[in-house]
S.K.: 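First the structure, which I've put down as structure tokens, then a few questions once you've had a look.
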Amino acid sequence: MRAVSLERLQLQHEVDQLNAAYASALDEKRFDAWPEFFVEDGRYTLQARENFDRGLPLALMDLESRGMMKDRVYGITQTIYHGPYYTRHVISPAQILGVEGDLVKVQANYAVFRTKPAGVSEVYNVGRYIDEIVRTPEGLKFRSRLCVYDSEMILNSLIYPV
């Protein structure tokens with residue numbers, strides 16, 4: 001087993017804390033905070049595993065900037081009507097795939113559970129995050145977050161970010 005450098009452990013901790021803060025913001029419905037996890041020209045994509053594995057570009061959601069994410073937040077909070085529910089994200093520790101200067105490539109598994117008031121919890125979405133993260137003056141931010149979901153069916157419609 002190789003010795004892990006102190007810098008690598010620090011990076012692991014920072015990436016895992018970024019994921020924890022991301023999950024907390026979404027689970028607490030602080031949607032206005034969600035775009036701030038990304039750089040200005042950051043990308044958020046939600047794609048079925050089948051399309052990802054085949055190299056097909058079709059995605060359920062593909063937001064190409066923080067501005068597009070803010071538009072999505074406006075839709076979630078101001079225009080979309082749906083029955084209320086809570087989410088709970090569970091994210092595995094990230095696997096650091098590579099570091100190139102200020103760019104960190106990581107992957108982590110996720111599971112999102114949904115609970116409706118007076119209802120039972122159910123698995124909502126399961127998959128993996130494939131991320132490109134950059135160091136900024138404000139800390140680590142996503143340059144891109146690709147959510148590759150395993151589920152062939154998504155319960156009802158996808159409203160909140162995964």
Side-chain angles (χ1 to χ4, degrees), residues 15-97 104-134 136 138-162:
V15 170
D16 289 339
Q17 287 299 300
L18 175 66
N19 277 330
Y22 178 93
S24 178
L26 293 178
D27 292 343
E28 295 169 9
K29 296 187 177 184
R30 292 183 285 113
F31 298 117
D32 288 341
W34 175 61
E36 302 308 314
F37 287 95
F38 294 82
V39 295
E40 190 63 42
D41 61 345
R43 186 172 200 148
Y44 173 83
T45 306
L46 184 64
Q47 185 178 37
R49 181 180 189 158
E50 179 181 11
N51 289 340
F52 177 81
D53 288 348
R54 292 181 179 179
L56 299 173
L58 183 63
L60 186 61
M61 188 182 301
D62 193 15
L63 307 176
E64 299 176 349
S65 69
R66 194 186 293 168
M68 290 179 78
M69 292 174 213
K70 288 179 180 178
D71 285 346
R72 180 70 187 175
V73 168
Y74 179 81
I76 292 168
T77 59
Q78 304 297 319
T79 64
I80 297 173
Y81 176 77
H82 61 88
Y85 63 90
Y86 308 104
T87 62
R88 183 67 53 205
H89 289 68
V90 178
I91 303 173
S92 74
Q95 177 187 16
I96 297 175
L97 303 175
V104 183
K105 295 182 179 184
V106 302
Q107 178 174 284
N109 298 320
Y110 71 85
V112 181
F113 299 89
R114 177 175 77 172
T115 307
K116 294 180 179 180
V120 297
S121 297
E122 57 192 344
V123 176
Y124 181 64
N125 194 277
V126 175
R128 63 186 158 139
Y129 295 131
I130 302 171
D131 300 325
E132 291 186 351
I133 298 172
V134 294
T136 72
E138 298 85 34
L140 295 182
K141 294 200 181 262
F142 296 108
R143 183 170 87 175
S144 68
R145 168 154 270 190
L146 170 59
C147 311
V148 179
Y149 61 90
D150 295 332
S151 315
E152 290 185 15
M153 300 289 289
I154 293 180
L155 300 174
N156 295 334
S157 62
L158 183 83
I159 297 169
Y160 304 148
V162 171

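Fair warning: this is a prediction, and the values are worked out from it, not measured in the lab.
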S.K.: Is there a donor-acceptor pair closer than 3.5 Å between any side-chain N or O of D16 and the backbone N or O of A94?
M.R.: yes
S.K.: Assess whether atom OH of Y85 is packed by more than 12 heavy atoms of other residues, nucleotides or ligands within 6.0 Å.
M.R.: yes
S.K.: Quick one: are R72 and M61 in side-chain contact, heavy atoms under 4.5 Å?
M.R.: yes
S.K.: In the structure I gave you, are the side-chain heavy atoms of M69 and R43 within less than 4.5 Å of one another anywhere?
M.R.: no
S.K.: Working note: K70 + S65, criterion side chain to side chain contact (heavy atoms under 4.5 Å, CB included); need CA distance, chi angles, decisive distance, verdict.
M.R.: CA-CA 9 Å; K70 288 179 180 178; S65 69; over 6 Å; no
S.K.: Working to the nearest 0.5 angstrom, can you tell me the gap between H82 NE2 and K116 NZ?
M.R.: 10.5 Å
S.K.: In Å, rounded to the nearest 0.5 Å, how long is the span from CZ of F52 to CG of L146?
M.R.: 6.0 Å
S.K.: Rounded at 0.5 Å granularity, tell me how far CD1 in I91 sits from OH in Y129.
M.R.: 4.5 Å
S.K.: For T87 and D27, which I'm curious about, is there any donor-acceptor pair between the side chains at under 3.5 Å?
M.R.: yes
S.K.: Keeping R66 on the side-chain end and F38 on the backbone end, is there a donor-acceptor pair under 3.5 Å?
M.R.: yes
S.K.: Specify the closest pair of heavy atoms between L97 and Q107, including all atoms of both residues, with the distance to one decimal.
M.R.: CD1-CB, 4.0 Å
S.K.: If every non-hydrogen atom of V162 is compared with every non-hydrogen atom of Y22, which pair is closest and at what distance?
M.R.: O-OH, 2.8 Å
S.K.: Out of curiosity, E64 CD to T45 OG1, how far, rounded to the nearest 0.5 Å?
M.R.: 8.0 Å
S.K.: Spell out, as yes or no, whether a donor-acceptor pair under 3.5 Å connects the side chain of N125 to the backbone of V112.
M.R.: no
S.K.: Report yes if the side chains of P161 and I76 come closer than 4.5 Å at any heavy-atom pair, otherwise no.
M.R.: yes
S.K.: Within the side chain of Q47, is there an N or O that forms a donor-acceptor pair under 3.5 Å with the backbone of L58?
M.R.: yes
S.K.: To the nearest 0.5 Å, tell me how far Y44 OH sits from D131 CG.
M.R.: 10.5 Å
S.K.: After noting the C-alpha distance and the side-chain angles of Y160 and H89, does the key distance pass the ring-ring contact (aromatic ring centres under 6.0 Å, His included) rule?
M.R.: CA-CA 12 Å; Y160 304 148; H89 289 68; 9.5 Å; no
S.K.: Looking at every heavy atom in both R145 and N19, which two are closest together, and how far apart are they?
M.R.: NH2-OD1, 2.5 Å
S.K.: Please examine the side chains of Y149 and V126, heavy atoms only from C-beta on, and report whether any two atoms are closer than 4.5 Å.
M.R.: no
S.K.: Report the C-alpha distance between V90 and Y110 in whole Å, list the side-chain angles of each, state the deciding distance to 0.1 Å, and finish with yes or no for side chain to side chain contact (heavy atoms under 4.5 Å, CB included).
M.R.: CA-CA 6 Å; V90 178; Y110 71 85; over 6 Å; no
S.K.: As an exercise, state the distance from OG of S92 to CZ of R128, rounded to the nearest 0.5 Å.
M.R.: 11.5 Å
S.K.: What are the two closest non-hydrogen atoms of A25 and F37, and how far apart are they?
M.R.: CB-CE1, 3.8 Å
S.K.: How far apart are the closest heavy atoms of I159 and Y124, and which atoms are they?
M.R.: N-OH, 3.8 Å
S.K.: Can you name the nearest heavy-atom pair linking V104 to V106, along with the distance?
M.R.: CG1-CG1, 3.6 Å
